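In what follows, a structure is listed as structure tokens, so that the remarks can point back to it.
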Amino acid sequence: MAQRDELSIFVRDALAAGKSRAEITAALTHAGWRSAEVQDALNGWDEMPFSPPIPRPVATVSARDFFTYALTFCVLILGAFNLVVVLQALVDVVFATGDGGSDRPIRWGVAVLIVTGPMYLWLTLRERRKLARDPALYRSAIRKWMIYIGLLLAALTMLGDSIATIYALLTGDLTAQFMLKALVVLVVAGGIFAYYLRDLREEAPA
């Protein structure tokens with residue numbers, strides 16, 4: 001049995017025996033448990049006086065969640081990347097710096113967006129309907145992991161974009177064309193970051 005399971009069982013038995021949370025915390029701290037571990041174990045049980053103690057809902061993990069959210073974020077990343085490619089290629093066309101084959105990335109990017117755009121919307125709306133019907137799905141650990149991975153990738157993209165822009169400024173290569181292409185990356189990555197950050201803040205308590 002894992003130590004965390006033993007700790008949870010101990011807390012449950014102590015609460016059932018009528019011990020206060022302060023007493024349990026003191027006993028576990030004296031035994032060498034870290035305060036964060038003790039608090040997590042106590043948070044696993046509701047504070048309402050009841051015997052036996054009432055467990056609180058915990059994060060869930062399922063193969064279905066992994067498939068759904070992994071597919072959704074793969075489609076999102078693929079679509080976002082090609083949206084950037086298309087918009088940057090259009091910037092090159094506007095500034096007439098294309099080599100004559102600039103329509104190829106535009107056509108390919110548009111083809112990808114035609115597939116990934118509706119697919120992402122369908123997957124997202126479908127999942128939101130399920131979340132509205134059953135708020136318990138907000139406790140999916142896979143969902144939270146995927147959202148935080150998406151936030152991380154978006155944040156790293158914006159960081160890299162900012163570094164590249166500052167470097168271009170310092171080297172004297174910061175042209176209007178470069179700024180527009182950097183702005184494209186910033187808007188796309190920033191939009192993804194803001195959307196999922198708001199999603200985390202508005203979700204039902206887990």
Side-chain angles (χ1 to χ4, degrees), residues 34 36 39-40 43 58-92 94 105-106 108-132 135-206:
R34 293 186 294 108
Q39 193 58 48
D40 284 345
N43 288 341
V58 297
T60 59
V61 177
S62 71
R64 176 259 175 200
D65 286 347
F66 176 78
F67 172 79
T68 300
Y69 291 112
L71 177 61
T72 301
F73 276 93
C74 285
V75 170
L76 171 63
I77 291 171
L78 182 61
F81 176 80
N82 280 275
L83 176 60
V84 169
V85 169
V86 169
L87 293 177
Q88 289 188 337
L90 290 175
V91 170
D92 288 338
V94 169
I106 294 177
W108 174 258
V110 169
V112 173
L113 290 173
I114 288 174
V115 175
T116 58
M119 187 174 185
Y120 175 77
L121 289 175
W122 177 73
L123 288 169
T124 301
L125 293 175
R126 176 174 173 269
E127 200 61 22
R128 285 196 171 277
R129 285 195 294 268
K130 288 188 176 182
L131 289 169
L137 295 175
Y138 277 108
R139 292 195 295 270
S140 168
I142 298 294
R143 176 179 179 274
K144 290 186 176 180
W145 268 100
M146 288 295 177
I147 288 178
Y148 277 112
I149 290 173
L151 288 173
L152 175 62
L153 293 176
L156 290 176
T157 300
M158 289 188 289
L159 179 63
D161 187 56
S162 300
I163 292 173
T165 301
I166 294 173
Y167 179 77
L169 175 63
L170 295 176
T171 57
D173 296 327
L174 188 61
T175 62
Q177 181 181 359
F178 186 97
M179 290 179 62
L180 281 176
K181 295 175 80 169
L183 182 62
V184 166
V185 176
L186 181 63
V187 169
V188 173
I192 293 172
F193 187 89
Y195 175 78
Y196 282 104
L197 184 61
R198 186 188 64 179
D199 196 45
L200 280 177
R201 290 174 175 173
E202 292 181 351
E203 74 177 31

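Side-chain atoms are counted along with the backbone in the values below, which use heavy atoms only and exclude waters and symmetry mates. This is a predicted model, so every value here is computed, not measured. Residue numbers run from 1 in the order of the sequence given.
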Other residues, nucleotides, ligands: >12 heavy atoms within 6.0 Å of Phe66 CZ:
no
Residues, nucleotides or ligands: over 12 heavy atoms within 6.0 Å of Phe178 CZ:
yes
To the closest 0.5 Å, what do you measure between [atom1] ([X]) and [atom2] ([Y])?
X: Thr171; Y: Ile166; atom1: OG1; atom2: CD1; value: 11.5 Å
X: Ser140; Y: Glu127; atom1: OG; atom2: CD; value: 8.0 Å
X: Lys181; Y: Leu90; atom1: NZ; atom2: CG; value: 11.0 Å
X: Ile142; Y: Phe67; atom1: CD1; atom2: CZ; value: 13.5 Å
X: Thr124; Y: Tyr195; atom1: OG1; atom2: OH; value: 5.5 Å
X: Thr116; Y: Phe81; atom1: OG1; atom2: CZ; value: 12.5 Å

Validation row: [X], [Y] side chains within 4.5 angstrom (heavy atoms):
X: Thr72; Y: Arg126; result: no
X: Gln177; Y: Val91; result: yes
X: Trp122; Y: Val75; result: no
X: Tyr148; Y: Leu151; result: yes
X: Leu180; Y: Val184; result: no
X: Met179; Y: Thr165; result: no
X: Arg128; Y: Asp199; result: yes

Please find the pair of heavy atoms, one from [X] and one from [Y], that lie closest to each other, and give the distance.
X: Gly79; Y: Leu113; answer: O-CD2, 3.3 Å
X: Ala189; Y: Thr157; answer: CB-CG2, 3.9 Å
X: Val188; Y: Ala80; answer: CG1-CB, 4.0 Å
X: Asn82; Y: Gly109; answer: OD1-CA, 3.7 Å

Testing Leu153, Ile147, Ile149 one by one against Phe73 for a side-chain contact (heavy atoms from CB on, under 4.5 Å), which residue passes?
Ile147
Answer yes if the side chains of Gln88 and Asp92 hold a donor-acceptor pair under 3.5 Å, and no otherwise.
no
